[in-house]
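What follows is one structure encoded as structure tokens, with my remarks underneath.
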Amino acid sequence: MEKKKYYITTPIYYPNNNFHLGHTYTTIVADVLKRFKRIQGYDAYLVTGTDEHGQKIEETAKKAGQEPKEYVDKIVESAKKLWKDLEIDYDAFIRSTNPEHEKNVADIFTKLYEKGEIYKDVYKGHYCTPCESFWTESQLEEGKCPDCGREVDYREEESYFFRLSKYRDRLLKYYEEHPDFIKPISRKNEMVNNFLDKGLDDLSVSRSNFDWGVKVPFDDKHVIYVWIDALSCYLTAIGYGTDDVKFNNYWPANIHLMAKEIIRFHVIIWPALLMALDLPLPDQIFAHGWILFEDDKMSKSKGNVVYAEPIIERYGVDALKYFVLREFTFGNDGSFSKDKFLQRLNSDLANDLGNLVSRTIQMVVKYNGGIVPGVGEIDIVDEDLIEMATSTTEKVEEAMDELAFSSALEYIWKLIRRTNKYIDETTPWILGKEGKNERLNTVLYNLIESIRIVAQLIEPFMPHTSMRINEQLGIAPMGWESTRNFGKYLPGTEISRGDNLFPRLDLEKEAEILEKMNSDLIKERSLDKKVEIVDDEMSKEEISIDDFDKLELKVAEVLECSYHHKADRLLVFKLKIGDETRQIVSGIRKYYEPEDLVGKKVIAITNLKPVMLRGIESNGMLLSAEKNGKLTLLSTLADIESGAVIS
Ligand code: MSP
């Protein structure tokens, strides 16, 4: 029987800078999903790639003194190496500069033009280069780009337009009829309220102020809008225009994965284009949240970019994969911190999983010469373990159907912790001493069999670790279905002792090492590119006044300020806010001497959930403004008592 296909895409990333942990996150998720679907019997196909045209890339390359292609080639090379190191099992890596892709994009444009879906007119409006978007006067916010808040240029120029406006009603109807099309559901409501309800304008789909792009085939003064070029990669990567059989096999995509800032392009422009091309729509657009960095937004100019490479080099791919999948709730924003990463490495990977495997293997060596014994009579403690071991698969599958990666792993870790508890309950060392061999054999067998199930269950998430455990168990993987039954491991098999899967770490020492490795890489990469660091902060989505109202902002007076004893970046503040005193930790040590701040009035967010920052509790956040490496704390124009509410 032919396998059912499952086509997954990551965004087609901009190669204007080296990829950081954010890009890595979406790609890891896509890879895990692919592995999971394959294990379930699907013909899963994963596409990733790079979106290489456009003015932004052209300008970045120019700053680096290079031709655009030369510039992107280097980034693409390092991206491919990164995916290789991460063991990302993609099937196609599509570059938008690929000549076949370029030809197909040109054909798509011509087809739409010939069908009357694209027409030529004059554009009068404001252009935001970083977003590569045109805006009308009324769309601007305080004269700036409504997406990213940056300066815009007024332009009047000839442009081709796509009849996006006529698709508004069809899109709304489609969303209603396909409740799973946009996920999470909150994103659908945002799109409808913020865009579709306001009506759609036709979309300018060509640019004539720069060259780096696919030329409009019948009018070479124009290049095709970079988003049409990039979105079409989802088609051309699977053979659109070149291999009909393959294309028809995989299209429509089952899921396009991305973070929330580009969902608008995927749920409005993309489906409208597909409708115009008479192609079926993808099943689902899933927009996850952002990874923030130590509770801060990541940006190159802040110097807080986290790269995956040092983490992989020092702790292995699976530690990183486990962390990002387990720590963040898929769909929501989450915060990356070295401390949280290292703590999970010690607790979940070294203590829970690593220990279970090494203790069990050691006991089999000690009590049975390295041969796994056969099982004897089963008692109630065994039954409880077996019940859990064989029922975990279904729970993992249910979680994965919802793309709840973190819950899926939590179920597996419940089994791991249950198995560790089983060792404490059955006390094999006492059984060994008392010569209760039959009971000891049963316990050892049950442990090994539970570990076999665990190794199989973690395979899509942590293929490397799964393989290492199977090597120690002396077996080849028995397949996903084998996890539903207990007793598949063949007694009499010889295990082989291997290295510790995840050695325990000295957290403080490791945090420093990791920090240094990452900052060395940041330096090396910016020197390498000779580019003054380009700010690639992502723009924020629109919020309502109710969202803003959720924040509690108050004037605070600095009573004390001192260095954080464990972290170079941090200052610890004691603040007076009205009648209350509170502590806030802030990452601004580079910019201020503590004594200069005492007595100053600053602005604090006072209703943030407390967090521990390198062992010290922070109860809120201080507001500051930052640009080009300069930072200043915010204050009020006139002096006002602490506790004054900001609104
Ligand atoms: N080129 C477009 C995408 C075109 S798709 C047809 C683009 N590229 S990008 O390089 O900016 O990639 C954005 C994507 O990278 C996000 O949607 C997300 O998948 C990933 N991330 C980049 N930084 C991220 C975080 N800090 N957190 C989570 N994901 C982030 O947009």
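When a ligand or atom number is given, it counts from 1 through the structure's own listing order.
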Please list, in number order, the atoms of ligand 1 under 4.0 Å from a heavy atom of [X].
X	answer
H20	22 (C), 23 (N)
G289	28 (C)
H288	19 (O), 28 (C), 29 (N)
L231	6 (C)

Under 6.0 Å from the NZ atom of K5, do we count more than 12 heavy atoms belonging to anything else shown?
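Count over threshold, so yes.
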Which residues pass the side chain to side chain contact (heavy atoms under 4.5 Å, CB included) test with K62, not counting sequence neighbours?
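Listed in chain order: nothing, the list is empty.
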Side chain to side chain contact (heavy atoms under 4.5 Å, CB included) partners for E70, two or more places apart:
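Once residues adjacent in sequence are excluded, the partners of E70 under the side chain to side chain contact (heavy atoms under 4.5 Å, CB included) criterion are Q66, E67.
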With nothing but distance in play, are any N or O atoms of [X] less than 3.5 Å from an N or O of ligand 1?
X	value
I12	yes
E261	yes
A230	no
W227	no
D51	yes
I262	no

So that I can tick it off, tell me whether D91 and K34 are bridged by a salt bridge, with the cut-off set at under 4.0 angstrom between side-chain N and carboxylate O.
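Yes, charged N to carboxylate O under 4.0 Å.
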Hey, is W270 one of the residues with a heavy atom under 4.0 angstrom from ligand 1?
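Under 4.0 Å: no for W270.
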With a distance cut-off below 6.0 Å to the six-membered ring centre and an angular limit of 45° from the axis, does K37 pair with Y42 as a cation-pi contact?
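Judged by the rule (NZ or CZ under 6.0 Å from the ring centre, within 45° of its axis), K37 counts as positioned above Y42.
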Out of C233, G22, P15, G54, whose heavy atom is nearest to atom 24 (C) of ligand 1?
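Going through C233, G22, P15, G54 one by one, G22 has the nearest heavy atom to atom 24 (C) of ligand 1.
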Using a 4.0 Å heavy-atom cut-off, which part of K260 comes near ligand 1: side chain, backbone, both, or neither?
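Answer for K260: neither.
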Quick one: look at T26 and ligand 1, take heavy-atom pairs under 4.0 Å, and tell me if it's side chain, backbone, both or neither.
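It is the side chain that gets close, since no backbone atom is under 4.0 Å.
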Please say which of Y25, F323, W290 ends up in a ring pair (Phe, Tyr, Trp, His ring centres under 6.0 Å) with F336.
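Answer after filtering Y25, F323, W290: F323.
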Euclidean distance, D243 CG relative to N248 CG, rounded to 0.5 Å
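One finds 9.0 Å between CG of N248 and CG of D243.
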Would you call the rings of H23 and H20 parallel, tilted or perpendicular, where under 30° means parallel and over 60° means perpendicular?
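Correct class here is tilted.
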CA sep, side-chain torsions, deciding dist, call: Y45, Y6, ring-ring contact (aromatic ring centres under 6.0 Å, His included):
CA-CA 6 Å; Y45 198 89; Y6 196 89; over 10 Å; no
